[in-house]
Student: 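First, the structure itself, so that you have it in front of you.
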Protein chains: 2
Amino acid sequence: MYNLESIEQRLAEQGYRITPSRLAVVEATLEHSGHFSVDDILGRLPGVGRATVFRTMKLLSQMGILCRVLLENGSLRYRVSHRRDHHHHLVCVSCGSVEELDACIAAGAIDNLARSTGYDIEGHWLEFYGRCGPCRSGEA
Amino acid sequence: MYNLESIEQRLAEQGYRITPSRLAVVEATLEHSGHFSVDDILGRLPGVGRATVFRTMKLLSQMGILCRVLLENGSLRYRVSHRRDHHHHLVCVSCGSVEELDACIAAGAIDNLARSTGYDIEGHWLEFYGRCGPCRSGEA
DNA sequence: TAGACTAATGATACCAAGTCTCAATTGCCC
DNA sequence: GGGCAATTGAGACTTGGTATCATTAGTCTA
């Protein structure tokens with residue numbers, strides 16, 4: 001869905017400079033199909049500084065190209081996002097692949113929740129965990 | 001709902017030793033009405049070691065007395081839990097108070113999700129954020 | 001009531017994830 | 001090609017949490 005050129009173009013359009021480090025980070029993230037950590041990217045790019053990888057991934061997140069994935073144990077990962085609007089994830093705990101879910105099942109509950117609690121509800125986190133089809137059949 | 005004595009009793013019943021450090025940590029957590037971090041507890045108990053506070057809070061979490069609360073930015077906090085079964089939180093982003101929600105709105109969606117994705121769904125995270133009634137009226 | 005045995009402690013080193021600083025570099029526009 | 005601001009990367013720092021290990025101290029039993 002994304003490729004290096006299209007992201008390069010979006011960076012330029014938004015006034016960001018095109019640098020070798022930035023392109024290297026973009027390229028490294030595009031190679032991942034599931035979720036990954038900043039250190040996964042750092043490990044592939046020994047010539048790029050730690051802070052730069054963090055900065056670039058933050059920038060890509062702000063641009064909607066990456067999104068954060070919350071794992072079951074509470075740690076945060078990243079993944080390339082193909083949906084720029086609000087969505088949630090279904091993460092395979094075995095292979096790490098991630099499905100992006102198009103319907104937000106929490107949306108319908110928010111009005112009821114606001115009424116019953118008196119809160120003004122502004123946001124939510126929702127992530128699902130399980131085992132994907134291939135992982136279920138591949139193991140005893 | 002909980003008090004020091006009832007927790008002391010539960011610790012003893014489950015074969016854990018009653019030590020001054022443990023009781024101090026329990027007491028410090030009971031003083032919080034909203035969510036708190038390990039360092040909030042550490043700050044109140046300069047005589048208790050860092051590792052002990054972490055260990056005790058982990059133990060209390062396993063016993064269902066504390067539960068973890070995920071903040072919007074992805075950081076984890078703790079709170080005293082009055083529900084031992086599966087539940088979710090509604091966190092006030094202004095004052096930090098936490099409502100425990102009794103209905104799991106995700107439960108109904110899981111079957112559909114499993115059918116449509118082929119995943120075997122084992123777990124999920126769900127937290128809501130907003131402003132509680134007092135915080136909404138107290139500020140312009 | 002005193003051992004003895006083992007759980008628990010706490011100092012400390014370590015790890016993981018992320019931010020801050022700042023001098024040096026380098027894209028990009030003219 | 002020059003100038004300037006954005007970007008870089010080294011490294012120190014922060015936060016949240018775990019591992020190690022010698023010492024201490026609950027608790028059980030006699």
Side-chain angles (χ1 to χ4, degrees), chain A residues 4-5 7-29 32 35-63 66-79 96, chain B residues 4-5 7-29 32 35-63 66-79 96:
Chain A
L4 190 55
E5 290 70 36
I7 294 176
E8 186 171 337
Q9 192 182 341
R10 283 181 54 187
L11 283 166
E13 278 166 10
Q14 298 190 33
Y16 296 109
R17 292 186 180 170
I18 308 304
T19 69
S21 296
R22 252 176 202 164
L23 294 182
V25 172
V26 169
E27 211 164 12
T29 62
H32 286 273
H35 58 74
F36 50 85
S37 66
V38 175
D39 279 327
D40 291 334
I41 303 300
L42 260 172
R44 298 194 179 199
L45 304 173
V48 179
R50 190 172 160 66
T52 298
V53 175
F54 274 101
R55 280 187 288 238
T56 305
M57 287 179 63
K58 195 177 200 175
L59 178 61
L60 294 173
S61 299
Q62 284 163 0
M63 293 173 69
L66 297 183
C67 59
R68 299 194 303 175
V69 177
L70 175 72
L71 300 193
E72 236 172 339
N73 64 8
S75 70
L76 283 173
R77 295 296 170 88
Y78 298 84
R79 74 169 251 118
Chain B
L4 191 55
E5 290 70 35
I7 294 177
E8 185 171 338
Q9 192 184 339
R10 282 182 54 188
L11 283 166
E13 278 167 10
Q14 298 190 34
Y16 297 109
R17 293 184 180 173
I18 308 304
T19 70
S21 297
R22 251 173 204 168
L23 294 181
V25 172
V26 170
E27 211 163 12
T29 63
H32 287 272
H35 58 74
F36 49 85
S37 66
V38 175
D39 279 327
D40 291 333
I41 303 300
L42 260 171
R44 299 194 177 198
L45 303 175
V48 178
R50 187 174 160 64
T52 299
V53 174
F54 274 101
R55 280 187 288 238
T56 305
M57 286 178 63
K58 194 177 201 176
L59 178 62
L60 294 173
S61 299
Q62 285 163 1
M63 293 173 69
L66 298 183
C67 59
R68 298 193 306 174
V69 177
L70 176 73
L71 299 192
E72 235 170 339
N73 64 9
S75 70
L76 283 173
R77 293 297 169 87
Y78 298 84
R79 75 167 252 118

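What you are looking at is a predicted structure, and each value in this text was computed from that prediction instead of being measured. Throughout, protein chains are lettered first and strands after them, A, B, ... in sequence-line order, and every chain is numbered starting at 1.
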Student: Roughly, in whole Å, what's the span from CG in Leu45(B) to C1' in dT9(C)?
Tutor: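 Rounded to the whole Å, the gap is 14 Å.
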Student: Has the side chain of Arg22(A) got a donor or acceptor that lies under 3.5 Å from a partner of the other kind on the base of dT7(D)?
Tutor: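 It does not, because no donor-acceptor pair links the side chain of Arg22(A) to the base of dT7(D) below 3.5 Å.
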Student: Starting at atom CD1 of Ile18(A), determine the distance to atom C1' of dC29(C), rounded to an integer number of angstrom.
Tutor: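 In whole Å, dC29(C) C1' and Ile18(A) CD1 are 15 Å from each other.
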Student: Hey, mind stepping through Thr29(B) and Tyr78(B) against side-chain contact (heavy atoms from CB on, under 4.5 Å) and telling me if it holds?
Tutor: CA-CA 9 Å; Thr29(B) 63; Tyr78(B) 298 84; over 6 Å; no
Student: Figure out the CE/P separation between Met57(B) and dG17(D), and round it to whole Å.
Tutor: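 So the two atoms are 8 Å apart, to the nearest Å.
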Student: With DNA chain C as reference, determine whether Gly15(B) or Pro46(B) sits nearer its 5' end, using the nearest nucleotide of each.
Tutor: Gly15(B)
Student: Could you tell me which non-hydrogen atom of Gly74(B) sits nearest to which non-hydrogen atom of Leu76(A), and how far apart they are?
Tutor: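 Minimum heavy-atom separation between Gly74(B) and Leu76(A): CA-CD1, 4.1 Å.
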Student: I want to verify a distance call: between dG27(C), dG9(D), dA19(D), whose nearest atom is closest to the Val48(A) side chain?
Tutor: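 Looking only at side-chain atoms, Val48(A) lies closest to dG9(D).
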Student: Against Val25(A), only a single residue in Met57(A), Arg55(A), Arg44(A) fulfils side-chain contact (heavy atoms from CB on, under 4.5 Å); can you say which?
Tutor: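 The single option meeting the side-chain contact (heavy atoms from CB on, under 4.5 Å) with Val25(A) is Met57(A).
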Student: Do Asp39(A) and Arg77(A) meet the salt-bridge criterion of a basic N to acidic O distance under 4.0 Å?
Tutor: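 No salt bridge links Arg77(A) with Asp39(A).
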Student: Whole angstroms only, please: what is the CD1-C1' distance between Ile41(B) and dT15(D)?
Tutor: 16 Å
Student: Using every non-hydrogen atom in the two residues, find where Ala12(B) and Ile18(B) come nearest and quote the distance to one decimal.
Tutor: N-CD1, 4.1 Å
Student: Within the 4.0 Å limit for protein heavy atoms, which parts of nucleotides 13-18 of chain C are touched? Write it as a string from 5' to 3', B for base, S for sugar-phosphate only, - for none.
Tutor: ----BB
Student: Record whether the side chain of Arg17(B) comes under 3.5 Å of the base of dA7(C) through a donor-acceptor pair of N or O atoms.
Tutor: yes
Student: Which atoms form the tightest heavy-atom contact between Arg22(A) and Arg17(A), and what is the distance?
Tutor: NH1-O, 2.9 Å
Student: Can you measure Leu23(B) atom CG to dA25(D) atom P for me and round it to whole angstrom units?
Tutor: 15 Å
Student: Measure the distance from CD on Gln14(B) to P on dA8(C) and round it to the nearest whole Å.
Tutor: 12 Å
Student: Testing the basics here: between Ala28(A) and Leu45(A), what is the closest heavy-atom pair and its distance to 0.1 Å?
Tutor: CB-CD1, 4.0 Å
Student: Going by modelled atom types, is there a donor-acceptor pair between the base of dG17(D) and the side chain of Arg55(B) at under 3.5 Å?
Tutor: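 Per atom types, no contact qualifies.
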Student: Once you round it to whole Å, what is the distance between P of dA5(D) and OH of Tyr16(A)?
Tutor: 18 Å
Student: Counting just side-chain N and O atoms, does Thr19(A) come under 4.0 Å of either OP1 or OP2 of dT26(C)?
Tutor: no
Student: For a quick check of understanding: with a heavy-atom distance under 4.0 Å over all strands, which category does Gly74(A) fall into, base, sugar-phosphate or nothing?
Tutor: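 Since no nucleic acid heavy atom lies under 4.0 Å of Gly74(A), the category is nothing.
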Student: Return no unless some side-chain N or O of Thr52(A) is found under 4.0 Å from OP1 or OP2 of dG9(D).
Tutor: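 Yes, such a contact exists.
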